[in-house]
Q: 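Sharing a structure with you now.
As the structure lists them, so they are numbered: ligands from 1, and atoms in each ligand from 1.
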Amino acid sequence: MSNSNSIVVALGTRPEIIKLAPIIRLLGDRARVVHTGQHYDATLSKVFFDAFELAEPAHRLEIGGETRATQIGEATRRLGEHLAGQPGAAVVVQGDTNTTVGAALAANATGTPLIHIEAGLRSFDRAMPEEHNRVVTDVLSDLCCAPTEVNRSNLLDSGIPAERIAVTGNTVVEAVHTLLPSERASYLARYQVEPARYLLATFHRPENVDDPETLAVILRELAALELPTILPMHPRTRARVESFGLGALLDQMRVVEPMGFQEFLALSAECGALVSDSGGVQEEVSVLKRPVLVVRRSTERPEVIGTFAERVVPGPDMSRVVGGWISDLPGLHQRLSSIPSPYGDGDAAARSVAAIDNLLGVE
Ligand code: UDP
């Protein structure tokens, strides 16, 4: 649909596609998907549209590969021009990327109601660009869909009135339910690994990969772990490993291209543990009942710390914590299997669409 009743869903990166897919599917013909092109690599974009069987985006803005300021500015300018030419009933954004905040500003500038999916997350770490993207987007939004009560309370603390907030759960739960393969043996066979006898790692955050010393520490720690580690490598991380000359540190690991979502979920569901700086992975493990070591200075997802996740900074704590887990993986997996996900039961997309309809006065 491309008329003034359509709901413009603006997205640009892998996690936005994954978490907006359940909402786009529910909106059906009412959704007009605009891709900013922030992630232009097919392994981070097209494969996720295909996996969720989403139609090609209605419009593309091609802001990828630029600085943060340019990406935000261009997303605002180009989406603003698009909305001026083809108004929509609302703009939906997700998460904390440059696309999120750029599209939020475009909605604001064109007087289009704005909905923020996954609102109210806070790391309280002002060194993270994502934190600023979240705060600005929440404040501009007419409707904040908060995954948890923790997120609701962060929004209230930011001065956002209760009537602009709906607690919905996180759509990642239904994304996992939709695409987790039930047959997983063939995925493990590709890497010649046995269930629970390998680790899965992902890294791409600037705090971990932009400094050669820090990146080297992380790679050495991973290589020293007692189980084989599969490392699907983000293009940003690969570029840093090459420019810092750290390629030799990868020899101990199974380094592969970024995986499609089904493959990544299958390997997550069967692994011993994950080691990651990803946001979405911290949520997915609560559905898959596996532990993740979060390697970062901070997290905006405190709901899983102490159950599905522990957090450390790069260094010897990595092998200490994961080594402890490896000493009793069956016991750990058993304990996690009975803990419910703090992100809901898989009805976040339905709740979000109901809240959007309520905002827009749609019966
Ligand atoms: N993911 C994937 N393939 C991979 C690595 C990650 O499909 O090789 C998925 C993962 O399941 C999660 C998302 O990508 O849903 C996380 O993306 P990313 O770490 O880029 O973003 P963040 O969640 O940190 O914002």
Q: Are Arg290 and Glu284 close enough for a salt bridge, meaning some N to O gap below 4.0 Å?
A: no
Q: Below 4.0 angstrom from a heavy atom of Gly279, which ligand 1 atoms are there? Numbered from 1 as shown, please.
A: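 Those qualifying, in numeric order: 22 (P), 23 (O), 24 (O).
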Q: If you count the atoms of ligand 1 from 1 in the order shown, which ones are under 4.0 Å from a heavy atom of Pro232?
A: 8 (O)
Q: Between CG of Leu83 and CG of Asn108, what distance do you get to the nearest 0.5 Å?
A: 11.5 Å
Q: Any N or O of Phe48 that comes nearer than 3.5 Å to an N or O of ligand 1?
A: no
Q: If you measure only the distance, is there a donor-acceptor pair under 3.5 Å linking the side chains of Asp138 and Ser141?
A: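 On atom types as modelled, these side chains do not qualify, holding no pair under 3.5 Å.
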Q: So, regarding Lys19 and ligand 1 (criterion: nitrogen or oxygen to nitrogen or oxygen, under 3.5 Å), is there a contact or not?
A: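 No.
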Q: Is Arg77 salt-bridged to Glu74, going by a charged N under 4.0 Å from an acidic O?
A: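 Yes, charged N to carboxylate O under 4.0 Å.
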Q: Between Glu130 and Arg134, does any side-chain N to carboxylate O distance fall below 4.0 Å?
A: no
Q: Could you find the nearest protein heavy atom to atom 17 (O) of ligand 1 and give me its residue, atom name and distance?
A: Arg14 NE, 3.3 Å
Q: Does ligand 1 come near enough to His39 that some N or O of the ligand is less than 3.5 Å from an N or O of the residue?
A: no
Q: List ligand 1 atoms under 4.0 Å from Ser278, heavy atoms only on the residue side.
A: 16 (C), 18 (P), 19 (O), 22 (P), 23 (O), 24 (O)
Q: With a 4.0 Å cut-off, would you call Arg320 and Glu310 a salt bridge?
A: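 Not counted as a salt bridge, because no side-chain N and carboxylate O are separated by less than 4.0 Å.
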Q: Which ligand 1 atoms, with their elements, are less than 4.0 angstrom from a heavy-atom of Gly280?
A: 22 (P), 23 (O)
Q: Which bit of His204 gets closer than 4.0 Å to ligand 1, counting heavy atoms only: side chain, backbone, both or neither?
A: side chain
Q: Return yes or no for this condition: an N or O of Asp96 is under 3.5 Å from an N or O of ligand 1.
A: no
Q: Name the closest protein heavy atom to atom 15 (O) of ligand 1, giving the residue it belongs to and the distance to 0.1 Å.
A: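 The answer is Glu284 OE2, 2.3 Å.
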Q: In the protein, which heavy atom is nearest to atom 13 (C) of ligand 1, and how far is it?
A: Ile18 CD1, 3.8 Å
Q: Taking non-hydrogen atoms only, is Arg205 closer than 4.0 angstrom to ligand 1 via side chain, backbone, both or neither?
A: side chain
Q: Does any N or O atom in Val281 lie less than 3.5 angstrom from one in ligand 1, N or O only?
A: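 No; the residue has no nitrogen or oxygen that sits under 3.5 Å from a nitrogen or oxygen of the ligand.
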Q: Are a donor atom and an acceptor atom from the side chains of Arg32 and His82 found within less than 3.5 Å of each other?
A: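 Distance-only check passes for Arg32 and His82.
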Q: Can you tell which part of Phe261 has a heavy atom less than 4.0 Å from ligand 1: side chain, backbone, both or neither?
A: both
